[in-house]
Amino acid sequence: MPLHPDRLFPAEPAKRDIARLLYGHVRDLPIVSPHGHTDPTWYAEDMPFPDPATLFVKPDHYIFRMLYSQGIALEALGVPRPDGTPVETDGRKIWRLFADNYHLFRGTPSRLWFEHSLETVFGIGERLGADNADRLYDRISEQLADPSMRPRALYERFNIEAISTTDAATDALAAHEAILASGWKGRVVPAYRPDAVVDASRTGFHTAVEELLGLAETPATFAGYLEAHRRRRTYFKARGATSTDHGHPTALTANLSQADAAALFDRVMKPEVDARDAELFRAQMLTEMARMSIEDGLVMQIHPGSFRNHNPQLFETFGFDKGADIPTRTDYVRDLKPLLDLFGNDPRLTLILFTLDETTYGRELAPLAGHYPALRLGPAWWFFDSPDGMRRFRELTTETAGFYNTVGFNDDTRAFCSIPARHDMARRIDCAYLAELVSDHRLEEDEAYEVAHDLAYNLAKKAYRL
Amino acid sequence: MPLHPDRLFPAEPAKRDIARLLYGHVRDLPIVSPHGHTDPTWYAEDMPFPDPATLFVKPDHYIFRMLYSQGIALEALGVPRPDGTPVETDGRKIWRLFADNYHLFRGTPSRLWFEHSLETVFGIGERLGADNADRLYDRISEQLADPSMRPRALYERFNIEAISTTDAATDALAAHEAILASGWKGRVVPAYRPDAVVDASRTGFHTAVEELLGLAETPATFAGYLEAHRRRRTYFKARGATSTDHGHPTALTANLSQADAAALFDRVMKPEVDARDAELFRAQMLTEMARMSIEDGLVMQIHPGSFRNHNPQLFETFGFDKGADIPTRTDYVRDLKPLLDLFGNDPRLTLILFTLDETTYGRELAPLAGHYPALRLGPAWWFFDSPDGMRRFRELTTETAGFYNTVGFNDDTRAFCSIPARHDMARRIDCAYLAELVSDHRLEEDEAYEVAHDLAYNLAKKAYRL
Amino acid sequence: MPLHPDRLFPAEPAKRDIARLLYGHVRDLPIVSPHGHTDPTWYAEDMPFPDPATLFVKPDHYIFRMLYSQGIALEALGVPRPDGTPVETDGRKIWRLFADNYHLFRGTPSRLWFEHSLETVFGIGERLGADNADRLYDRISEQLADPSMRPRALYERFNIEAISTTDAATDALAAHEAILASGWKGRVVPAYRPDAVVDASRTGFHTAVEELLGLAETPATFAGYLEAHRRRRTYFKARGATSTDHGHPTALTANLSQADAAALFDRVMKPEVDARDAELFRAQMLTEMARMSIEDGLVMQIHPGSFRNHNPQLFETFGFDKGADIPTRTDYVRDLKPLLDLFGNDPRLTLILFTLDETTYGRELAPLAGHYPALRLGPAWWFFDSPDGMRRFRELTTETAGFYNTVGFNDDTRAFCSIPARHDMARRIDCAYLAELVSDHRLEEDEAYEVAHDLAYNLAKKAYRL
């Protein structure tokens, strides 16, 4: 299906006309991508992407979770097994399986992102299906070999102005250093993601903390541990980082005395960790991270509410990030209070909140962000990074928090080719929402142009200090 | 108000045109009704329905709850009292009371179902009111006497292909046997609803379990009790059943060892049952039922989240199902985990989930159904089986779970004449939703036809193995 | 931006035409304002309002919370500090700060209310901004000096038929008495708000109860305390009150024996109050208030779910009502049960429920109000008293509770000039919703006129017995 120029715009002609005009002014703005999961080695090494299945199916949990939900084995989709059991390696077979089940994606954003990539990156304006699967496979394969399809060329073609990766606190950032050293003009910055050294309930926590302390050359005390964070944050900042990111099961924060926090640290550093201690330590560390952000200026992001690895059979066989992460209810009002009591009024802090619980948009997040100077709202996230999800985000937050307590768009993706597709979708939905406000006379057209530009470009740059 | 051919379609002309075309292709498809509460003796005995009040008012808790909420006594509406206190028996008086208060139903689906029935079954295209109440009463009464208004004739006229009733585990299914023996071509199948022998907090639980064990001729041990379920399920299956149904206060499941489960069974079989034991036993039995479904192929349905009989005065006077059942919050992510840990990846199981808590559509149900091969989503249920409710169901589930993790429509009704009205409403709303996707270029028109057909017919047949 | 005659109407021409027609029939109906926070001394003394900043910025927490969220100090906005620290007193400077940041209000209802006031009260059809701030300040200031801008003149010009204030249980109602004595034809009635003498967790509770007992001349026993409420309610009723109002953190109610309640009263009257005792006492007192309402006919309102004074720094500096009240989840189904078990079926009681948790509209409030004769639903409240908020209220309640279990509009404001703006917004949104129902043939046009009139005028008068 060739991309329709009016896709995602309102059908009502007067509204559609306004949406078109607004979109025309933001369509070609550079992409600022302040939160995502692309691999920095792509930009460092600039090697070609392999076959179509490896590009579109194997790494995309949106794609394979849907196929899996209808009984298709992950092995048949080439998803690797950590234990080394062989899985399908024939990209063409995987691609055919995807093509045969393409109808499952009707009505999903995955479908729209995929088709946007197909057409804008590969010039393919056809709908994938059993009948053309092989032909399209060959056509994409052929193009992938071309130098114009390498990561740096695509970065430039996608008109990316800056992109952030997400990196473990203990990461040496070798790829980022290589990019900086290469003289290439692309801006690829790291983000400090310390979950592995903060969440004592995770396998590998103690090893990760030891590694952190070793890198920072600090002692295994709470003071040494905090100092290690400070040094690693400085290390990240020197390599371009402007933000930190925290993916926690809940939004719980704590405000322990430093003595109690130190005692808690000693407890979670023992081999057996109590689940409540682990939760409290995560909570305290969000507060510590906010304190450090006030010192060093890194923007702080909290992504709470995912029940990770809900499916134990799948987790044992395939490991993390295999589509079995399920949203849960989140309580921001009580959970964030300890942190906000300390730092909520401090304009030096920018704390960006995300949610997987849409019921909190209107009830909790917009009222909080519409009051506390330190708070901003991240865009619709993960399952809700979709046309209807983004529309609900605006409808449920704008009336209380306005536009200027939000921070533009995050593509949040590891699917490189989908980056322009996702930003384009966000721009279209925001323009459609603004067209709605203009057409029912809640906003004047000249203001809508300004807001559209802010949502597509300025707000992300400003909030993330890029 | 004569039924408008464009009712429930979008007003915007381009969208409306698409909706009309899509609907035109599914309007006349046979009705598959895989979950409902019609009385099998209707089809077995084929006796005429009595007067209009008995057809439309007395048995319909949607109707009398609304009248009751405005201060009209249930006695005046002819709702029977189990203690034998006389209630209004004059159908005409009841009908007049309904007609006098007909304005209360403005904006409700009850109004739309009622008017669809009036016009399509009785040829009455007028709005009910105080002025025409008597005339319409006479006209309907007269028609009810006609053989064309008997249950089997209506079944055929409604173009029903198959309909499921809901039957207690201990039901002898005499009516179903009579239907099968009669040679009538209608397909009326039972569904296995074991709540009364599973929920130890209910009055009559112990008697019901004794009856179950007696029917199955199994001992009063946990093993005997499970075997009794197996035998009764086989009995139901032999009489056409393809599904089981479980109406629980919560979605809690459990995975006890068989020894612990047996000890729990012994505890709940004692006269005094602890509320937590009753909850745990219900939870364990959902898991046992799933295990049996994998063995015998019966599709499993869970309908959780209703706080039954919230109004004790009303319950004491009138008993069950009198409109005082109120939805509550439900947590599927944690509650279903024990069952899903065991069987969520088993493609032999089809577990259909319903909800009365719409906040779970996007946050929990679509992500779960969009991952686990065993899960499917039932349609918008009870209070949400309405134009806006069905629209929200699609908007909140499709982007994550797609269409093919849903199972078409359930009319879920005991109001026989409303069956075509309800299916027609669902078809219209689904076509309106698809028209939306087509008009903003998220779906192509040829695909929308296919999806519309699947939603109206194929998905229910397939999911319920009918 | 001059007010557009079609603002807030659907853009689709056929729907818009219906909305226009419906609105034309209700636009000029008198305003019935059964719940609000205007100051009765305004009407008693009829003094001119001071400068524009004091009229529009300083007292409006919707306005200053948004400015504060973007780092503007409340001191700079002239919000007074109880400790006497000087704050900005130059109205013009405050006004300029508002004007410079006017873009923050894009997409918010505050913006719409403000512009409606500017144009309809002051004849200013321009958008406020840095360029015209001084000129508009002068123009408003000049007009405020005119007798036609005094409270009584504005009351008449706004076509208010009756307005309720909200008054502490211990208030002498001197202003109300003065209004009654003055012979002015305006109807300004008090509402009985006993929170300060019911919520034992509040600072000042004991002093307030002593004052209550002193005023009523009753002993410091539970019986004396209840009798004091009865006498104060009678006192309020004699001065025009038709309702009581209860702003509680939760919707919890209780049904203690009178002996247990008396013991609880004795405990909360001691200097140290246990938090659970305070919660239980509030709960019991809601039930007592309902009992008294059945006796004296005062309509009862419950406004639960606000986490008051979430920001301790701000609370310490500026006190109550400074924008740091955040909504929380509310459970009506379990919390209201003790009260409903006693009085839910009593048609003499009218209990109006409000919420800050929109998830309860469809799941809890509409099913409860669509069943219990004593219950009615208040309109969309506080953060949700907005175009999208009011639309969601109708979409999520009408299908289950209909229109006639709702009570029309409450402006709930202390911003006098915004009263017509708020009622106009509610009338427009209700007409837009009705136009939706008419255009997709769920309601006939003649019925929509009747409903529009009921929503704009009759329902409030009837529910509040005004």
Side-chain angles (χ1 to χ4, degrees), chain A residues 1 3-13 15-16 61-62 65-66 68-73 101 103-112 127 305-307 310-314 322-330 355-359 382-389 391-392 428 432, chain B residues 10-16 18 329 331-334 336-337 340-342 344-345 347 358-376 394-405 433-444 446-448 450-451 454:
Chain A
M1 129 176 166
L3 296 178
H4 196 286
D6 286 334
R7 65 192 183 279
L8 302 175
F9 290 161
E12 199 283 311
K15 276 192 219 172
R16 192 180 52 210
H61 57 69
Y62 289 82
R65 77 177 289 149
M66 180 65 93
Y68 184 73
S69 78
Q70 290 280 317
I72 296 168
N101 290 282
H103 65 285
L104 299 179
F105 297 93
R106 288 172 181 161
T108 70
S110 297
R111 154 80 174 258
L112 302 176
R127 188 160 82 214
S306 180
F307 190 124
H310 190 268
N311 186 335
Q313 286 179 28
L314 206 80
K322 291 302 172 289
D325 300 334
I326 310 290
T328 57
R329 277 205 293 265
T330 302
T355 199
L356 292 175
D357 180 358
E358 291 183 298
T359 67
W382 200 339
F383 296 102
F384 308 111
D385 173 20
S386 57
D388 285 340
R391 179 182 51 73
R392 288 195 297 271
R428 287 174 178 274
Chain B
E12 199 282 312
K15 278 192 221 175
R16 191 180 53 210
I18 303 169
R329 275 205 294 267
D331 180 341
Y332 294 89
V333 179
R334 288 179 182 83
L336 290 179
K337 197 168 187 316
L340 292 174
D341 283 357
L342 287 171
N345 297 293
E358 291 182 298
T359 69
T360 65
Y361 282 154
R363 188 182 57 216
E364 305 182 16
L365 291 174
L368 287 166
H371 167 69
Y372 283 102
L375 292 184
R376 294 291 181 272
R394 291 287 172 213
E395 288 182 0
L396 287 158
T397 64
T398 306
E399 294 186 322
T400 291
F403 292 107
Y404 294 93
N405 286 304
Y433 177 69
L434 290 167
E436 193 88 34
L437 297 188
V438 171
S439 84
D440 67 6
H441 312 286
R442 289 193 257 177
L443 196 67
E444 286 185 282
D446 67 310
E447 299 177 286
E450 207 176 297
V451 175
D454 289 336

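Here is how names work: the chains are called A, B, and so on, in the same order as the sequence lines, proteins then strands, and each is numbered from 1.
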Student check: side-chain heavy atoms of A/P5 and B/H441 closer than 4.5 Å: no

Under 4.5 Å between any side-chain heavy atoms of A/R106 and B/Y404, yes or no? yes

Below 4.5 Å from any heavy atom of chain A, which atoms of B/L342 appear? Answer side chain, backbone, both or neither. backbone

Scanning both residues in full, the closest heavy-atom pair of B/E12 with A/P13 reads OE2-CD, 3.9 Å

Which atoms of A/L104 come close to chain B, meaning under 4.5 Å heavy atom to heavy atom: side chain ones, backbone ones, both, or neither? both

Using modelled atom types only, decide if a donor and an acceptor are shared between the side chain of A/Q313 and the backbone of B/D341 within a distance under 3.5 Å. yes

Start with the C-alpha gap between B/E447 and A/R111, add the side-chain angles, then the distance that decides, and say whether salt bridge (charged side-chain N to carboxylate O under 4.0 Å, His left out) holds. CA-CA 13 Å; B/E447 299 177 286; A/R111 154 80 174 258; 2.8 Å; yes

Does any heavy atom of chain B fall under 4.5 Å from the side chain of A/F384, the backbone, both, or neither of them? side chain

Where does A/H61 contact chain B at under 4.5 Å (heavy atoms): side chain, backbone, both or neither? neither

Is it the backbone or the side chain of B/A448 that comes under 4.5 Å from a heavy atom of chain A, or both, or neither? neither

Are the side chains of A/D325 and B/H371 in touch, meaning some heavy atoms are under 4.5 Å apart? no

Chain A heavy atoms under 4.5 Å from B/E395: which part of the residue, side chain, backbone, both or neither? both

Which atom names give the shortest non-hydrogen contact between B/V333 and A/T328, and what distance separates them? CG1-CG2, 3.9 Å

If I measure from the heavy atoms of chain B, does A/E358 come under 4.5 Å with its side chain, its backbone, both, or neither? side chain

Shortest non-hydrogen separation from B/E364 to A/P327 and the atoms involved: CG-O, 4.1 Å

Minimal non-hydrogen separation, A/A11 against B/S439, with atom names: CB-OG, 3.7 Å

Separation of B/T400 OG1 from A/W382 CH2 (nearest 0.5 Å): 11.0 Å

Distance check, rounded to the nearest 0.5 Å: B/E399 atom CD versus A/D385 atom CG? 9.5 Å

Of the backbone (N, CA, C, O) and the side chain (C-beta and beyond), which part of B/R394 lies under 4.5 Å from a heavy atom of chain A, both, or neither? neither

Looking at B/L437, B/L396, B/D331, which makes the most heavy-atom pairs under 4.5 Å with chain A? B/L396

Region of A/Y68 in contact with chain B, defined by heavy-atom distances below 4.5 Å: both

If I measure from the heavy atoms of chain A, does B/L340 come under 4.5 Å with its side chain, its backbone, both, or neither? side chain

With a 4.5 angstrom heavy-atom cut-off, is it the side chain or the backbone of A/R392 that approaches chain B, or both, or neither? side chain

Applying salt bridge (charged side-chain N to carboxylate O under 4.0 Å, His left out) to A/D388 and not counting sequence neighbours gives A/R391, B/R442

Please look at A/P10 and chain B and tell me whether the side chain, the backbone, both or neither of the residue comes under 4.5 angstrom of a heavy atom of that chain. neither

So which part of A/T359 gets closer than 4.5 Å to some heavy atom of chain B, the side chain, the backbone, both or neither? side chain

Side chain to side chain, B/R329 and A/R329, heavy atoms closer than 4.5 Å: yes

Among A/P109, A/G71, A/P387, which residue has the highest count of heavy-atom pairs closer than 4.5 Å to chain B? A/P387

What are the two closest heavy atoms between B/N405 and A/S69, and how far apart are they? ND2-OG, 3.0 Å

Please classify the contact of B/Y332 with chain A as side chain, backbone, both or neither, using a heavy-atom distance under 4.5 Å. neither

Is any side-chain heavy atom of A/R127 closer than 4.5 Å to a side-chain heavy atom of B/D446? yes

How long is the span from the CG atom in B/N345 to the CG atom in A/N311, to the nearest 0.5 Å? 4.0 Å

Region of B/A374 in contact with chain A, defined by heavy-atom distances below 4.5 Å: neither

